There are 2 protein chains.
Amino acid sequence: MKIDPNSSADLSVQIASAIKDAIIAGDLIVDERLPSETELTEQFEVSRSTVREALKRLAAQSLIRTQRGATGGAFVNRLSYEDAYAQQITTATLLLSMNAVSFDTACEARYALERACAPLAATRRDADHLATMRAEVFRQNQPGLSDEAFCASDVAFHRALVDSAANPVLSYQLAGAVEAMQPLMNMITFTERDRARIVELHTMIVDALDQGDAEAVTTGLTELEEETRKLSQNAFEKRAAQQR
Amino acid sequence: MKIDPNSSADLSVQIASAIKDAIIAGDLIVDERLPSETELTEQFEVSRSTVREALKRLAAQSLIRTQRGATGGAFVNRLSYEDAYAQQITTATLLLSMNAVSFDTACEARYALERACAPLAATRRDADHLATMRAEVFRQNQPGLSDEAFCASDVAFHRALVDSAANPVLSYQLAGAVEAMQPLMNMITFTERDRARIVELHTMIVDALDQGDAEAVTTGLTELEEETRKLSQNAFEKRAAQQR
DNA sequence: CATTTCCAATTGTCTGACAATTAAAATCTC
DNA sequence: GAGATTTTAATTGTCAGACAATTGGAAATG
């Protein structure tokens with residue numbers, strides 16, 4: 001691991017990059033302890049502050065974790081799903097909030113992903129997933145439920161649907177899309193009629209899943225996508241009208 | 001933006017988090033300049049090193065960029081697709097290389113995603129995408145092509161397929177899965193017969209796309225998935241045998 | 001007006017110090 | 001000797017102050 005002091009790049013960037021490469025190449029394995037900051041200072045021939053800034057960069061990407069104390073230090077992190085989730089969600093949220101991606105695009109991707117899960121879910125769904133989904137549908141049917149609670153239950157329903165495909169990669173990719181859409185979804189007011197329609201579709205989807213009918217699940221999701229777009233469009237128009 | 005000096009969390013983490021929240025909430029807009037390090041030092045009542053470590057954390061996530069000089073400083077970054085791609089790829093590669101995700105799982109997710117793109121691509125594909133795909137198929141048919149070059153062309157083909165769905169969210173999610181699989185794919189030796197079969201399926205897919213036949217695209221992708229799994233399984237077994 | 005020089009602001013790096021944390025080693029108590 | 005307590009050493013976290021490098025704008029110059 002070497003760095004070039006004459007390069008235009010900042011030293012802390014170079015050091016972070018060198019360590020990152022070592023991790024990806026497998027030279028540093030999970031839970032292995034990196035040299036202490038003092039040792040890295042000597043190895044790279046830079047000051048401790050520079051080493052620290054490099055380590056903070058890696059920590060921000062969950063590549064390492066640090067621990068104080070006698071047996072402390074920086075350790076190579078096993079990238080957990082939680083971390084991957086969190087990163088995915090942050091990135092997706094930013095893309096959406098900075099208008100690099102429109103709501104419609106995110107919505108389209110989300111439902112395309114969910115439809116992609118349908119065939120897998122139809123084969124692999126187990127009683128737990130179905131029970132969760134039915135419980136959420138039941139909750140959505142309760143009168144007097146707030147819009148936020150309805151939304152949260154909707155998310156839980158879809159999460160269970162995707163989880164039933166039993167593919168963690170799909171689960172975590174979808175988490176990004178769903179979470180990023182959440183702030184905008186929360187602005188929507190669901191009328192009695194909207195809710196009835198959504199509950200109807202949810203019921204249809206969970207029934208189809210129960211019977212292992214992937215095609216019916218796909219159909220239900222497509223109709224749900226239409227419904228979601230219609231609702232969000234209304235919400236946007238209403239907000240635009242208010243801001244005038 | 002306030003922090004709690006008595007919290008157990010590191011100050012630099014708290015500060016980074018506070019600034020990040022401000023960015024996501026829209027209190028700091030794209031290209032806006034953050035206060036200088038000296039000003040942040042006063043605002044948060046911490047030392048400059050602590051502020052700097054916080055800023056490095058944010059820079060590592062591409063949330064800000066820094067510039068030296070008189071009019072320099074830290075600026076809120078417009079999260080670009082390139083950045084999002086890069087992050088997605090790093091995360092996906094790590095998940096796979098640390099065995100948090102199996103090759104089969106990644107492969108399954110990848111083809112599920114591609115099939116999710118099929119209906120969109122069948123509607124939206126334009127001449128450019130089709131031309132790219134046909135050019136790659138042509139290249140794959142050339143005798144004497146190295147395995148690496150064949151692999152690279154395969155990636156280009158699939159990228160064009162997904163791009164033709166014209167949904168950037170799907171494009172960037174797929175990039176992660178494909179890139180992460182790349183190192184393992186490169187270990188595969190493609191026999192004449194394997195290549196012929198793959199080219200056949202690719203041709204079928206691009207023809208179906210040309211005709212707007214989403215169902216045929218989906219079928220082709222499913223067969224391609226089987227083929228990929230078979231090949232990778234062989235490669236793994238061969239490697240396992242060698243290591244004995 | 002164009003060019004060059006200078007200046008001030010800002011980030012990047014360095015040095016040295018002390019605080020906080022933590023596990024292990026040493027000590028004490030019974 | 002066993003268990004509780006204290007000490008110690010290693011390590012990261014934070015602070016303070018300094019100087020270097022960079023860079024755009026202001027001032028001086030022709």
Side-chain angles (χ1 to χ4, degrees), chain A residues 1-20 23 28 31-77, chain B residues 1-20 22-23 28 30-77:
Chain A
M1 278 197 304
K2 276 278 147 59
I3 58 169
D4 171 17
N6 299 321
S7 158
S8 65
D10 291 348
L11 292 174
S12 69
V13 173
Q14 289 184 59
I15 293 171
S17 172
I19 297 176
K20 175 173 157 184
I23 292 175
L28 293 166
D31 290 336
E32 186 173 341
R33 183 177 172 280
L34 269 64
S36 74
E37 292 176 357
T38 314
E39 286 169 313
L40 289 172
T41 293
E42 290 159 9
Q43 267 187 40
F44 288 112
E45 295 179 320
V46 297
S47 73
R48 197 180 149 214
S49 359
T50 306
V51 166
R52 279 184 62 78
E53 286 179 11
L55 293 179
K56 296 310 136 200
R57 294 185 121 102
L58 296 173
Q61 298 174 76
S62 309
L63 282 166
I64 61 168
R65 61 179 184 279
T66 54
Q67 207 178 350
R68 298 221 270 204
T71 57
F75 299 83
V76 178
N77 221 355
Chain B
M1 278 197 301
K2 276 277 146 64
I3 57 170
D4 171 19
N6 299 321
S7 158
S8 66
D10 291 349
L11 291 174
S12 70
V13 173
Q14 290 184 58
I15 293 171
S17 172
I19 297 177
K20 175 171 153 185
I23 293 175
L28 294 166
V30 168
D31 290 335
E32 184 173 343
R33 182 176 173 283
L34 269 64
S36 75
E37 293 175 357
T38 314
E39 287 169 313
L40 288 172
T41 292
E42 291 160 7
Q43 267 187 40
F44 289 111
E45 296 180 318
V46 297
S47 74
R48 197 181 147 213
S49 351
T50 305
V51 166
R52 280 184 62 77
E53 285 178 12
L55 293 178
K56 294 313 135 197
R57 295 186 120 102
L58 298 173
Q61 297 174 72
S62 308
L63 282 166
I64 61 169
R65 61 178 185 280
T66 55
Q67 208 178 350
R68 298 220 271 204
T71 58
F75 299 85
V76 178
N77 222 353

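From a predicted model like this one, the values you see are computed outputs, not experimental measurements. Residue numbering restarts at 1 for every chain, and letters A, B, ... go by the order of the sequence lines.
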Is the distance from OP1 or OP2 of [N] to the nearest side-chain N or O of [X] less than 4.0 Å?
X	N	result
Thr71(B)	dG25(D)	no
Thr38(A)	dT11(D)	no
Ser47(B)	dC15(D)	yes

Would you indicate what [X] reaches in the nucleic acid, counting non-hydrogen atoms under 4.0 angstrom: base, sugar-phosphate, or nothing?
X	value
Ser49(B)	base
Arg33(A)	sugar-phosphate
Leu11(B)	sugar-phosphate

Could you state the atom-to-atom distance from [atom1] of [X] to [atom2] of [N] in whole Å?
X	N	atom1	atom2	result
Arg68(B)	dC19(D)	CZ	P	17 Å
Phe44(B)	dC15(D)	CZ	C1'	17 Å
Glu37(B)	dA16(D)	CD	C1'	15 Å
Asp10(B)	dC15(D)	CG	P	11 Å
Leu40(A)	dA10(D)	CG	C1'	15 Å

5′-ward residue of the pair Gly69(A)/Glu45(A) relative to DNA chain C
Glu45(A)
Is the backbone N or O of [Y] less than 3.5 Å from a side-chain atom of [X], with the two atoms forming a donor-acceptor pair by type?
X	Y	result
Arg57(B)	Ser17(B)	no
Gln14(B)	Ala9(B)	yes
Glu45(B)	Glu42(B)	no
Glu53(A)	Thr50(A)	no

Does a donor on one side chain and an acceptor on the other come within less than 3.5 Å for Thr38(B) and Thr41(B)?
no
Go through the N and O atoms of the side chain of Arg48(A) and the base of dG13(D), and report whether any donor-acceptor pair is under 3.5 Å.
yes
Step by step, work out the side chain to side chain contact (heavy atoms under 4.5 Å, CB included) result for Leu34(B) and Val76(B).
CA-CA 7 Å; Leu34(B) 269 64; Val76(B) 178; 3.7 Å; yes
Which heavy atom in Ile64(B) sits nearest to a heavy atom in Leu55(B), and how many Å separate them?
CD1-O, 3.4 Å
Walking along DNA chain C from 5' to 3', note the first and the last nucleotide with an atom under 4.0 Å from a heavy atom of chain A, and give both.
dG12(C) to dA23(C)
